[in-house]
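Only one structure is covered here, and it is reproduced in the block below.
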Amino acid sequence: MFEKSITVNVHSADEVGRHRIVRQLRSLPGVDVVSQTPAVDILLMGRYDTDAPEKLRRLARAGDAPLVVIADDLGETELMAVSEYGVRSVLWGERLTPGRLSRAVHQAAGCCPREPISAALV
């Protein structure tokens with residue numbers, strides 16, 4: 001189906017949440033979960049994860065890979081900060097489906113035309 005797999009790394013302080021996302025990613029065709037040099041980074045921002053903003057800044061400043069955020073809850077201020085850091089897509093954890101996750105990963109990897117962040121909020 002795909003000529004080359006998209007490599008993805010998932011960052012989260014919540015190991016249970018991280019494993020849930022990794023399991024969903026492994027079910028997607030053409031996506032491989034790795035721990036080093038990914039094509040796309042995914043940051044899971046939990047409601048009570050106090051280290052998530054710092055992790056977001058660190059990943060965005062490193063600029064090694066496009067960034068997708070899966071968030072439990074974001075206020076207007078946090079959403080503006082996320083867009084300023086160049087996040088490619090924001091997915092709401094409670095509405096996460098394999099289709100939405102696949103589309104966000106493929107868009108971040110450059111396989112699909114890029115949409116503005118407002119259209120990418122799913």
Side-chain angles (χ1 to χ4, degrees):
M1 188 150 139
F2 298 101
E3 292 179 23
K4 184 179 172 188
S5 291
I6 299 169
T7 55
V8 177
N9 189 3
V10 180
H11 304 269
S12 176
D14 175 18
E15 283 300 312
V16 174
R18 182 183 179 286
H19 287 293
R20 180 177 53 89
I21 300 301
V22 167
R23 186 177 64 236
Q24 284 190 8
L25 287 166
R26 287 190 175 142
S27 72
L28 301 177
V31 176
D32 289 329
V33 179
V34 298
S35 59
Q36 305 255 340
T37 62
V40 176
D41 277 318
I42 295 180
L43 176 61
L44 183 59
M45 294 181 74
R47 187 169 283 120
Y48 305 107
D49 185 1
T50 57
D51 296 332
E54 177 56 36
K55 219 176 278 186
L56 172 63
R57 279 190 291 277
R58 186 176 41 79
L59 289 169
R61 287 181 181 154
D64 296 332
L67 188 57
V68 172
V69 169
I70 300 173
D72 287 341
D73 187 29
L74 284 181
E76 189 174 319
T77 305
E78 292 89 357
L79 190 56
M80 291 303 294
V82 163
S83 66
E84 287 175 7
Y85 281 122
V87 170
R88 299 293 175 98
S89 292
V90 176
L91 301 169
W92 304 117
E94 61 206 27
R95 293 192 225 153
L96 189 63
T97 65
R100 289 177 175 164
L101 184 58
S102 177
R103 185 172 55 238
V105 167
H106 283 82
Q107 285 177 342
C111 300
C112 304
R114 185 154 183 222
E115 296 176 359
I117 188 78
S118 60
L121 293 171
V122 289

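Nothing here was measured: the structure is a model prediction, and the numbers come from that model.
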Look up atom [atom1] in [X] and atom [atom2] in [Y], then write down how far apart they are to the nearest 0.5 Å.
X: L56; Y: E84; atom1: CG; atom2: CD; answer: 11.0 Å
X: S102; Y: I6; atom1: OG; atom2: CD1; answer: 7.5 Å
X: D64; Y: T37; atom1: CG; atom2: OG1; answer: 9.5 Å
X: I21; Y: R26; atom1: CD1; atom2: CZ; answer: 12.5 Å
X: L28; Y: R23; atom1: CG; atom2: CZ; answer: 12.0 Å
X: L101; Y: Q24; atom1: CG; atom2: CD; answer: 6.0 Å

Notebook entry, point to check: Do side-chain atoms of T97 reach the backbone of R100 as a donor and acceptor pair under 3.5 angstrom?
Noted result: yes

Item checked: Under 3.5 Å donor-acceptor, R18 side chain and V10 backbone -> yes

Next item on the list: Go through the steps to decide whether H11 and L44 satisfy the test side chain to side chain contact (heavy atoms under 4.5 Å, CB included), and finish with yes or no.
Entry: CA-CA 6 Å; H11 304 269; L44 183 59; over 6 Å; no

For the student: nearest non-hydrogen atoms of [X] and [Y], plus distance:
X: P66; Y: R88; value: CB-CG, 3.8 Å
X: S12; Y: K55; value: C-NZ, 3.7 Å
X: L91; Y: A104; value: CD1-CB, 3.8 Å
X: P53; Y: M45; value: N-CE, 4.4 Å
X: D72; Y: G46; value: OD2-CA, 3.3 Å

Next item on the list: Under the side chain to side chain contact (heavy atoms under 4.5 Å, CB included) rule, what do V31 and H106 come out as? Steps first, then yes or no, please.
Entry: CA-CA 9 Å; V31 176; H106 283 82; 4.2 Å; yes

Note to self: Working note: L43 + V68, criterion side chain to side chain contact (heavy atoms under 4.5 Å, CB included); need CA distance, chi angles, decisive distance, verdict.
What the structure shows: CA-CA 6 Å; L43 176 61; V68 172; over 6 Å; no

Next item on the list: Could you walk me through whether V105 and V8 pass side chain to side chain contact (heavy atoms under 4.5 Å, CB included), step by step?
Entry: CA-CA 8 Å; V105 167; V8 177; 3.9 Å; yes

Check: With sequence neighbours excluded, what pairs up with V34 under the side chain to side chain contact (heavy atoms under 4.5 Å, CB included) test?
Finding: T7, P38

